[in-house]
Every structure is written in C-alpha cells, then in structure tokens.
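For reference, the structure is listed below as structure tokens.
These numbers come from a predicted model, not from an experiment. Chain A is the first sequence line, chain B the second, and so forth, proteins listed ahead of strands; every chain is numbered from 1.
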Number of protein chains: 2
Amino acid sequence: MATDGPSADSAGVTTTRKTFALLEALRDEEGCTITELTARTSLTKSTVYRHLQTLTELGYVIERDDGYYLSFRFLQLSETPRTRTPGYTAAKRTVFELGEETDERAVFIVEENYEAVYIHRYGSLSDTMIGKRRPLHSMASGKVILAEWDDDAVAAFLEATELEQLTENTITDPDDLYAELETVRERGYAVNDQEHMDGLRGVAVPVYTPDDELLGSLGVFGPTTRLPDEYVHGELPNRLWDKAGEIKVTLAYGE
Amino acid sequence: MATDGPSADSAGVTTTRKTFALLEALRDEEGCTITELTARTSLTKSTVYRHLQTLTELGYVIERDDGYYLSFRFLQLSETPRTRTPGYTAAKRTVFELGEETDERAVFIVEENYEAVYIHRYGSLSDTMIGKRRPLHSMASGKVILAEWDDDAVAAFLEATELEQLTENTITDPDDLYAELETVRERGYAVNDQEHMDGLRGVAVPVYTPDDELLGSLGVFGPTTRLPDEYVHGELPNRLWDKAGEIKVTLAYGE
DNA sequence: GATAGTGTTTTGCTATCCGGAACATTGATG
DNA sequence: CATCAATGTTCCGGATAGCAAAACACTATC
C-alpha cells in the first residue's frame, strides 16, 4: 500500500495526487495488474486504467503481458538532481573505491527536507538503498550534516521533526543532540553507534567543495563486529577524510 | 522547451500530462521561477503554481529562494526499474571496473520501447548519460540487443521505427541491418564504427543471466584515435566477454 | 458450452481544474 | 519616503475534464 497517496484532506491538484499514488504503488511492487493496483490504491478500476494509459503514452509506465512496470524514463527525472553538481558525480566514483577498499558498505548522503537521502551507495546486490530516506539524527552522515548548521537551523529542524527512537542508543533528547553535534564538530567526523539499527555502526565525514561549501557526507557502515572502536575512531575517519579530500581535488583540478 | 509535453491531440488524463510537462521542463533546467516555467511550458501561471504546490507537497519538487528543483525522491521511482533484477546492480560495479581498466567510457545499456537506455555509465563528471535514450541501430549496444531478437521481432522494430541517419556510416537500409545483425551474431560482439557520432567508436557484447536470458549490453566507447581496429576486434571484445562472464558468475554464485 | 475473472469502453454527472483577474509582495529607483 | 514594475499568490465562476459505475469484451478454465 503506497504510503504517500492522496488524502481527502490535502489541497492541490487531486488528479496529480492520484497519478503519484499509482506510481508509488508500482514503486513498491512492480508487475501489478489493474486489479492489484486498484486494491493497493484507493482508486477505482477505471481511474487506475485511465491513469495507466496516460502514463504509458507519456512513456513513464510500461505495459507487459503480466502487468505494469515503471519505465527507465524516471532516470531522466532523477539524474537531474543527482547530477545537479559535478560533486555528486565525483562522489559516486569515490563511494565505489571506498567500498572496495574497506570491503564495507560505503555511502554518499545528502539532506533534503530534513531527511538523509542515499545518493550513492556501494554494497549488496539486493537493496541498493539509493533514494531511500532516513532520519538525520540517527545516522553518522546525518549528524555530520546537522553539525554544519548553526544552532538556529538545528532548532528549526528540531521544531519540524521528531527525534524518533529507533534503538536504545538513539539520541532523542535535543540537548543530547546539541552536545553530540558539538562533539562531531570537534572531531571532524560522526559515529553512529547502533543508534539507527542494532548491530550496525557507521562513521561519516563531511565532503566540501573547493569553495568549502558542504557537498554532502561520505560514510562507511557495517556490523559492530567488523567496526570496533579503534577502527571507528582511528583508521576509518582518516581514510574517509582522505577520500573526501580526493573529491575536493577532483572538483578543483578535474579528472 | 520540454519536448514530451501534453499535446492537444492526445487522449488520457490531461491534468497528468500538464504535471509531466512541468516536471520535464524542470528536468531540462533546474532552478526555474514560476514565470520561467510558464514560458517554457504552454501552461498558464496559475496552473504552473498550482501544480508546483502539489508536487512540492508530495515531495517531488523542492522550492528554494531562487526557484524550483526536482527532488531526490524521483530516485525512488527510478531505482525500482534499475534494481528490477540483481543483474542490473551487478552490472553497475562491472561498468566501473571496466571503465577503470580500459580508461574509456564504459556503459551498461538495455532496451525499452525500441530505444537504447543508458542504465549505468562510467565516464566524465559532466554528462553521465544515465537515463538518456538513443537509437538502437546506430549503437554497438543496440545492435547487440537487436541481434538477440528473431527476425519477426526485428521486423516489428523496423515497422515501428525509422533507421535515422546520424552520420555517413549509419545503417539506414533494413537489409544492411539484417546483415549486420548476422555479423554480430557470428562474432558475438558488435562495433559502432562512427555510426552514431563522427569520431566515436564503440564495442559491445551481450550480458546473459545464469539462465542464459539477455540481461543487457556491456560496452566501451571512445574516440577512434584510441580505439583502432586491432583493439576493437581483438583485446576489447575479449575483455568485455570476461566482464560479462563475471556478471553471470556473480549472479550465479553471489558476491 | 458456461462461468468467473480481468481488462476495456461507455456514459451521465458534477466536482475539479482551469485561466483570467485581482491582490500581495519584493526589489529597484528617484 | 513614494512609485513602479515584476513576480508570486489567491480568488472565483464556469465548463469541461475526470470520475465512478455499469456495461461490454476477452480470456482461461472446466
């Protein structure tokens, strides 16, 4: 069931909301029939059919014998933000190298609408996580990004969001978060110590452009058994700083 | 000016077409103001405003001081097809390795609606090409894919499309294409010899799943000066076969 | 052949979307 | 400060586009 579907209480263009409810149902499960999409959305059969026909004509949905699929044409819409700045493209290559060198999951994450968004990721073949959104406060990468903001900006974030408790370790008290961000600023890196998911640790550093603007956050995560304290506070941040510096150099001097 | 916008002659849900006209205008140029989008689309100012507000509420568009931007949320829609099969994810890593090893542009391409679509690419920081669509007949990767089809399927393709002439070398005669596909089948690889763009050569091979289904096409391309005949017909296809085989093995036995 | 399930088309109704106009805001200029 | 132009935001009445329900067509199964 698509979670971002149209709501009767929402303003705006209702037809557009219905279209996206349908697209999100397909996002969550491809190859659905019209009957299945009717069940997954709160739309009627003929509305589903009509929207699908339109989306198919526009090239955003593919109809096959067994059902409907999202088209690769959405790549054109997603690559526009993902290549918004050459830094994002440079980070892609770095994430790959980092993943290979550490033999762990490597990620490049940015913030959008107060959420951490996976832009690039090196890891398993199954779930690429790209495009997925996570709370800023419970991730090393998110904390790195928050640490770049002044207190007013962090206060606005706290006003607009809730410090959701995901594990026993998750920071849920604003004062604790301010203190943690201060630690991140001093250290130059952030650690997620099972704050997002039990058994998982992560380290992240900020990535700056040659103009010293924050580009995003470069991070590595893995099971606690493979990321002990000495590594998390020693070699790993060092390696991440090196890699972040490589991105900066690539941007300053070209490939 | 968005090229896939709504047309007065089209059937279907007109409101949805207007929404996508707007999204495509933003795809082509980000950071536009309402006035600019009104000029770029044939929509009126209040329609533009209304749709943008809806898209912003849905999280697909971001409003900033200087204009409107596409959200990373589109990654969620594009990653669904791009991770439709683990083979595509495996191909991503291989494309990177291939690009690094050859020091050329490396690509993984699939077919959708009779067009070649760049799914993964290793190359310059500027234009990543991902999501872009190209004619099948003028690309090595496209010819590899066409060579996998039987004559009926190729005939249907020829019926539905036009063999557009892009360079002097482009194949524009159906009989020539059939002959070329036969050559591709015999050789096991395809060459694009300045058929798509003057000065550019490419080589591509098919990538198969462990079930021997066609996954897509793995290719390398670069300027003719760097891709001479001996390389194009010798070491390069060999390397591509090796890499394609690696994908197959990865899929068969895991990472 | 009959039947159930699913996809496609039809159709009348009305609410939604639209576009034009009014209004609000902002920045620049004198 | 006042004025003005440009741009963004809201309002509003009308009509048509979108809707949902129903009818119809198609397919697979027994």
Side-chain angles (χ1 to χ4, degrees), chain A residues 1-2 4-26 28-71 113, chain B residues 1-2 4-26 28-71 113:
Chain A
M1 184 60 182
D4 291 336
S7 149
D9 298 331
S10 304
V13 184
T14 307
T15 302
T16 297
R17 290 178 182 280
K18 287 176 179 176
T19 295
F20 276 93
L22 208 43
L23 290 171
E24 284 167 8
L26 280 175
D28 295 337
E29 179 154 346
E30 280 206 295
C32 290
T33 61
I34 287 165
T35 304
E36 283 165 348
L37 289 166
T38 301
R40 287 173 173 283
T41 65
S42 47
L43 312 179
T44 63
K45 194 167 53 167
S46 60
T47 296
V48 167
Y49 185 81
R50 194 187 320 114
H51 279 262
L52 281 178
Q53 291 308 108
T54 303
L55 289 165
T56 300
E57 284 158 22
L58 289 173
Y60 287 96
V61 165
I62 305 291
E63 180 183 0
R64 290 197 187 133
D65 290 347
D66 58 329
Y68 289 86
Y69 294 80
L70 293 181
S71 162
N113 281 342
Chain B
M1 183 63 183
D4 289 338
S7 147
D9 297 332
S10 303
V13 183
T14 306
T15 303
T16 299
R17 291 178 180 280
K18 288 177 176 175
T19 295
F20 277 91
L22 208 41
L23 291 171
E24 284 167 8
L26 282 175
D28 294 338
E29 179 153 351
E30 283 206 293
C32 291
T33 61
I34 287 166
T35 304
E36 284 165 345
L37 289 167
T38 300
R40 288 176 172 283
T41 63
S42 48
L43 311 179
T44 61
K45 192 166 52 167
S46 60
T47 297
V48 167
Y49 185 80
R50 193 188 316 113
H51 280 263
L52 282 177
Q53 292 307 107
T54 304
L55 289 165
T56 300
E57 283 156 25
L58 289 174
Y60 287 95
V61 166
I62 306 289
E63 180 184 358
R64 291 198 187 129
D65 289 347
D66 58 328
Y68 289 86
Y69 293 80
L70 293 182
S71 163
N113 282 342

Sidechain-backbone polar pair: A:T15 side chain, B:T15 backbone, donor-acceptor under 3.5 Å: no
Atom pair distance, as rounded to whole Å: NZ in A:K45 and C1' in C:dG7: 7 Å
Sugar-phosphate only, base, or nothing, as touched by A:S46 at under 4.0 Å among non-hydrogen atoms: base
Nearest-0.5 Å distance that lies between atom CD in A:E57 and atom CG in A:L52: 11.0 Å
Spacing of B:L22 atom CG relative to C:dC17 atom C1', expressed in whole Å: 15 Å
Integer-rounded Å distance: C:dG7 P and A:Y68 OH: 8 Å
For atom CD of B:Q53 and atom P of D:dT9, their distance in whole Å: 6 Å
Reported CG-to-NE2 distance for the pair B:L37 and B:H51, which is rounded to 0.5 angstrom: 12.0 Å
Contact nearer the 5' end of DNA chain D, comparing B:R50 with B:I34: B:I34
OP1 or OP2 of D:dG8 under 4.0 Å from side-chain N/O of B:T35: yes
Value in whole Å for how far the P atom of C:dT26 lies from CG of B:D66: 16 Å
B:L58 CG to A:R17 CZ distance, which is reported to the nearest 0.5 Å: 4.5 Å
Nearest-Å distance for atom pair CG/C1', residues A:L52 and D:dG18: 15 Å
Between P of C:dT6 and CZ of A:R64, the distance in whole Å: 22 Å
Side-chain N or O of B:H51 closer than 4.0 Å to phosphate OP1/OP2 of C:dC18: yes
Length of the line joining B:R17:CZ and D:dA17:C1', which is rounded to integer Å: 13 Å
Of A:T33 and B:T47, the one whose closest DNA chain C nucleotide lies more 5': A:T33
Phosphate contact (C:dG7 OP1 or OP2) by A:Y49 side-chain N/O below 4.0 Å: no
Per A:T44 side chain, nearest of listed nucleotides D:dA20, C:dG19, C:dC17: D:dA20
Option from A:L43, A:T44, A:V48 for which side-chain contact (heavy atoms from CB on, under 4.5 Å) with A:S46 holds: A:T44
